[in-house]
Structures are given as C-alpha cells and as structure tokens.
Amino acid sequence: MCGIVGAVAERPVNKILVEGLKRLEYRGYDSAGVALCNAGELSSVKAVGKVVNLEQALNESDVKGTTGIAHTRWATHGGVTEANAHPHLSNNQLALVHNGIIENHDKLRTQLKAAGYEFLSDTDTEVMVHTIHQLRQNSDSLLAAVQQAVKLFEGAYGTVIFDKANQDEIIVARSGSPLVIGLGLGENFIASDQLALLAVTRSFIFLEEGDVARVTRETVEIFDANGVAVEREVHESNITQDNSGKGDYRHYMLKEIYEQPVAVRNTLEGRLTDNGVALDAFGSFSDGSNQNKNANDIFKDVKHVQIIACGTSYHSGMVARYWLEQYAGVSCNVEIASEFRYRSSYVHPNSLLVTISQSGETADTLAALRLAKEQGYMASMTICNVAGSSLVRESDLAFMTKAGAEIGVASTKAFTTQLVGLLMLTAAIAQEKGLEQSHIVHAIKTLPNKLEEALGLAESIEDLAEEFADKHHALFLGRGSQYPIAMEGALKLKEISYIHAEAYAAGELKHGPLALIDADMPIIVVAPNNELLEKLKSNVEEVRARGGIIYVFADSDSEFKSDDTMRAVNVNHVDDIIAPVVYTIPLQLLSYYVAVIKGTDVDQPRNLAKSVTVE
Ligand code: AGP
C-alpha cells in the first residue's frame, strides 16, 4: 500500500528518498513521486509504474534538493495517472504526501473550489494540501495551519508537508496511518515504515494517534491531539533489513517458502522449556492501577479467546480455534476484523482478545483492537511479525513471530510462524490451567525438521502445477483444522495465479458445491492421517464419482494412490497437532509453481498491497 519517505538535511536527499521508496516497494503501489526543495525552488517529478521509472525521470531532470518528500501510491480515489500520483502541490508553494483516505473530501473540495482553488487530480489527498494552504494564510506557522486542518479531516491519514518558503522544516501528522521519525546527525527523516530509513538511521520515534510534529535538521517537536507538547520515546531498531535480495531464488516468495524451517526455529528459540512454554515470550503490561501483569495472570483465569485478524492472518486464527478448544479448554471465536469493528459483539466473561497480523499496521485489525479495548476484555494480545508496529505498541501482551522481513505480498513464512505462536499460546494456557500440554510442546519441537521434509516435495509439486495452467477455477477441501489450511491454500492460489479458488469443509460438498464438479474443476484435498481420514475419503469418492480430478496431499500411510482421476502426493507422517503447519507447505508450493507457469508477477500480484493501512 502507499509509502512515504521524507528528509530534511544539508546534503542532497534525492538518493535517500528513492532508496527509501525502493525499500517500501514490496508493500504494493502503482505510481510514485517526489517533491524536492533547493534554495527556495520547489520541483516535483512523478511516474506511473515502478520506482525505477521515477528514478530514471529524476536522473534525467536536473531536480535536486536538501528537503524532500516522496511517495508510492496505491490508487484508491482516481486512476493510476501521473496527475493522481503524490506529492500534490498547492499554489506551487506547499507540497504534501498522504497515506490513508480522507472521507469528507467531496465536501472540502466543493468549499475549496468555491474559494478559487484549482484541482489537478481526482484524489482525496489534494483537498488536504489546499485546505492547509488556505488556513496558512491566517496562521502564524505551517505547524499551526496543519493543526487546524487536521480537525477538518475525517478519515485516516499519515501526512507529510513542507513549504518552499521555509524549507528547513517539515510538518507531519498521524491519525490512522503510521508514521515514524528517523533521527540523524544534523538531518532528520520521516517514513511510513522504519524499513525505509534503515540505510540512514537506527533511531526512531513512532508517532502516536493524533500527533502533529515539526521536524527540522536539528530538532523534533511533537504535539499531541490537544496541541500539548509531548516527549515520545526514542527506539533503537535492531531490525535487520534483508538486503541479500532473492539470492539464488527466482522470487522472494520462493525464498520465503524455503526460509520457513529457519523462521520457525527462530520463533521457538529460547521460548520452550523441556516440557512447557516460557511465558515471558508473551511479555507483560501494567494495568490501569499500575499493577504489573504477566501473561500467567491472564492465562490462568482466561475462559474465552476472541481472535481478530484479516486475510491469511485470519486463517491462522481459524486453525487456533481448533487447538484452543481441544487442548486448552477455552472457548474461542474468530472474526474478520472489518466485520468485528462495525458490529456490537458480546464479550464473554474472562475473555482474552487476540489480534494476529504480519505487519502490525492493518487498518481494520487496528481499529478492531481499539474498539475492543473499550469493551471489557481481560487483556489484549497481538501475534505480530513487526516490532514497534502499532498493534504491538497498543496491545497489552505481544508474541513476536521471528519470521524476518517478508517481502512477497503473498504471506508464507509469516503464516507458519503465526501458527507456531498460536500453538504456543494454546500450550501456555493449558499449562497455566494445569492441563496436560507436554505432548504439544514435544510436537512443536519437531516442526522445523518436518517442514524441511515437506519442502522436499517441491519437484513433484512443480510437475503437478502444469495441469493447472489452463484452469479457471479450483476447489480446496479439508476437514477439522485442515479446513482453514484449505482456505489459505485457496487464497494463495487466487492471489498469485489469479485462478478463482474456493475452499470448503469437505463435509459441506453435498450441500451445494458438488454441483460444480466436472473434469475442468481441479479439487485439491489436504488429508493427514487423523480420525477424520475415513470421512474425507468418502468425500473424495463423491467427487470421483462425478468426474472430478483430485489432487491429494496425503499422509504417506493413508493409502491414496495415483490413477487416472487422482494425483496423490505423499507427505511424511506428522503428529496431528502440527499437521496444519506442515500441510501448508505443499499448498504454498503449488500456488507458487502455477503462478510461475502462468507468468504472473509472483511477488507483487496485481491490485494487492503488502500492508493494508486503509479501510
Ligand atoms: C496474505 O497473503 C495477504 N497478503 C493478506 O491476506 C494479509 O494476510 C492480510 O492483508 C492481513 O495482513 P496482516 O497480517 O499484515 O494484518
């Protein structure tokens, strides 16, 4: 989704801005732009398509500057055109970039047009820069104009603005879209994600909701939503930006699929004892009465878990429901964040709220967390891959997955490490309730090796993928905790190969989807050897009897055999507890190889963004 980079320095900042945008490319975007100021001269360069197009246009121009702002745009209001790309200017005086959506843009545009402002784009963003320009006419400073303007904006924004008349300062404002200030020596930076600035600094201030800040080369002044000057903590980042690129891999996604055994090993490291879970993996927090609370204070009393997430993270939550209810003796609801946030939900007694997110910045999940915090949960906890992200900062407890930076838009290693975090949560709650959980811990410990073994299936799956290249639809089936894995498999195939795919709990087939079965509809089945295997086999026979072709990923001892209507891929036997994690691997590989055969943009599939920071 959109990305922001800004800098105020003594040296030219062109390269810093372009490098920062490149580091945000993986988030998904469709155009890019930069505004630079040099000796009071304001210039802007924009390009549709990749950042490299912008870089080329910038290099071909003589535009340079010591103050600048840059942006990658993921279109929401207005098509993908240079005119709609950010930065937007007002009266060739102010330049502004924006992440988020201004919902009352129509009303503001009408007022601004009546006041004589000319609009050059179809975006909601352009109203911001003209509004600030209008208010600047009667304000003492750009800071004051921005503080007044944000009161008029409805919606979400992370915005950065400067005035060519005072190029030594940049004003930033955050509400609903993250912004971070990077601290340098005699120069300072702004970005929507610290990853953009890792080449220039490791010291970051994360702005909080409602903050407006004035950033100069030497100073950072921050004001909260009430206009009161505030100090925000400086964080030293130890994130390692993966600069090794794709290595020998053709795509980031393939590299990330292969990184899963290591990602899981890193996520487990130091967090398991011989037979249990080390509870400090979940952190601690101070409650309203300044009492320090640890995870065990919550886990021993919890009776219900409410999970909220989106997309792939939602699927990991769906798996966790099976685990928590079966092994930890607590009830569990799982809900899509965009639904949860707009309905009145019932809060069960002694409920723990759990959000799951790779990025920690997903707008719907964050909004759902903020809503739920008003509703009387015992505590909130997030399972997240990005330290310092909004969800981590705003949740009471946090379990950090150690997947490392995930660049491919389609989530792979973030998903399997989320599952590990959720399995550890299950074991930890069971442990604090005095339930038997050592079998879970022992199964978790086998995971890295089992994932390695599953990756050994790549070659046979690559061969299978050929049969999908001309297909337009696919159906994924699973039962029990493999049903959400089937959902995740269908999502992966949709995202990167653009083949329409749906997932069903196999027992639902005869209630409707059986009507779809014919030789053109591949059916992908995940079939570990568990107590549901015989039921699943009956479902498979129902499909075969109707001419469907089955692709089954099955336990090596479950006796599925390849023939005219079935392609069976044997997966080494694994403990049923960890089977959802292991069976994810062949489905990821299948989607990947189908997408490669179809020639799609695997790492940045069309229309999608890595971090969905707008509603
Ligand atoms: C997964 O492949 C997708 N890119 C998407 O569904 C993603 O999981 C979803 O947008 C949630 O993101 P989050 O984990 O960063 O909150």
Side-chain angles (χ1 to χ4, degrees), residues 1-3 24 26-29 74 177-178 192-193 195 251-254 256-257 260 263 307-320 334-341 354-370 381-392 394-395 398-401 403-422 476 484-485 487-498 501 503 584 587-592 595 600-615:
M1 204 142 269
C2 305
L24 298 180
Y26 74 97
R27 296 163 67 100
Y29 67 101
W74 187 80
S177 280
S192 50
D193 183 328
L195 286 183
H251 295 100
Y252 278 107
M253 180 179 176
L254 188 62
E256 287 158 6
I257 289 173
Q260 288 176 107
I307 296 178
I308 302 169
C310 303
T312 286
S313 299
Y314 168 72
H315 295 152
S316 71
M318 295 266 294
V319 176
V334 190
E335 190 158 351
I336 292 167
S338 55
E339 288 297 313
F340 180 89
R341 65 180 287 194
V354 176
T355 58
I356 309 169
S357 174
Q358 182 282 131
S359 63
E361 301 293 352
T362 301
D364 284 320
T365 312
L366 199 49
L369 168 68
R370 289 176 184 155
M381 176 183 147
T382 190
I383 293 184
C384 188
N385 197 41
V386 178
S389 61
S390 301
L391 280 173
V392 172
E394 295 187 30
S395 300
F399 178 95
M400 300 310 305
T401 50
E406 190 180 70
I407 305 297
V409 164
S411 193
T412 51
K413 60 180 181 170
F415 177 67
T416 41
T417 53
Q418 284 168 353
L419 290 175
V420 168
L422 289 159
F476 286 72
I485 298 306
M487 293 170 80
E488 174 58 10
L491 180 64
K492 286 284 94 81
L493 192 68
K494 275 187 264 217
E495 279 185 297
I496 60 168
S497 74
Y498 314 149
T584 298
L587 300 190
Q588 291 171 344
L589 287 166
L590 179 66
S591 300
Y592 173 76
T600 58
D601 188 344
V602 170
D603 286 331
Q604 288 175 29
R606 67 185 183 201
N607 306 335
L608 297 182
K610 182 70 185 162
S611 179
V612 184
T613 50
V614 295
E615 225 188 307

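Nothing fancy with the numbering, it's 1 onward along the sequence. Both ligands and their constituent atoms are indexed starting at 1 by order of listing.
Tested against Cys310, the residues Val612, Thr362, Thr355 include a single side chain to side chain contact (heavy atoms under 4.5 Å, CB included) partner, Thr362.
For atom 15 (O) of ligand 1, the closest non-hydrogen atom on the protein side is Ser359 OG, 2.7 Å. Nearest protein neighbour of atom 10 (O) of ligand 1, counting heavy atoms only, is Val612 CG2, 3.9 Å. The protein non-hydrogen atom at the shortest distance from atom 11 (C) of ligand 1 is Cys310 O, 3.4 Å. The protein atom (non-hydrogen) at minimum distance from atom 4 (N) of ligand 1 is Val409 O, 2.9 Å.
Those atoms of ligand 1 with a heavy atom of Ser411 less than 4.0 angstrom away are 1 (C), 2 (O). Atoms of ligand 1 lying under 4.0 Å from at least one heavy atom of Ser313, given by number and element, are 8 (O), 13 (P), 14 (O). Residue contact check: Thr312 has heavy atoms under 4.0 Å from atoms 1 (C), 2 (O), 6 (O), 8 (O) of ligand 1. For ligand 1, the atoms lying closer than 4.0 Å to a non-hydrogen atom of Ser357 are 13 (P), 14 (O), 15 (O), 16 (O). Applying the 4.0 Å criterion to heavy atoms of Ala410 picks out, from ligand 1, the atoms 2 (O). Near Gly311, meaning under 4.0 Å from one of its heavy atoms, ligand 1 places the atoms 6 (O).
Shortest non-hydrogen contact noted between Phe476 and Ala501 is CE1-CB, 3.9 Å. Of all non-hydrogen atoms in Ser357 and Gln418, the two that sit nearest each other are C-NE2, 3.7 Å. What you find for Val602 and Ala595 is that their closest heavy atoms are CG2-CB, 3.9 Å. Here the shortest heavy-atom pairing between Asp193 and Tyr26 reads OD2-OH, 3.6 Å.
For Thr362, every heavy-atom contact with ligand 1 shorter than 4.0 Å involves the side chain, none the backbone. Looking at Glu495 against ligand 1, only its side chain comes within 4.0 Å, counting heavy atoms.
Remark: the backbone N or O of Ala337 is not paired with any side-chain donor or acceptor of Asp364 at under 3.5 angstrom. Side-chain N or O atoms of Lys413 include none that pairs as donor or acceptor with a backbone N or O of Glu256 at under 3.5 Å. Using modelled atom types, no side-chain atom of Asn385 and backbone atom of Ala405 make a donor-acceptor pair closer than 3.5 Å.
Residue contacts with ligand 1 include Lys492, since one of its heavy atoms falls under 4.0 Å from the ligand.
At least one side-chain heavy atom of Glu394 sits less than 4.5 Å from a side-chain heavy atom of Leu369.
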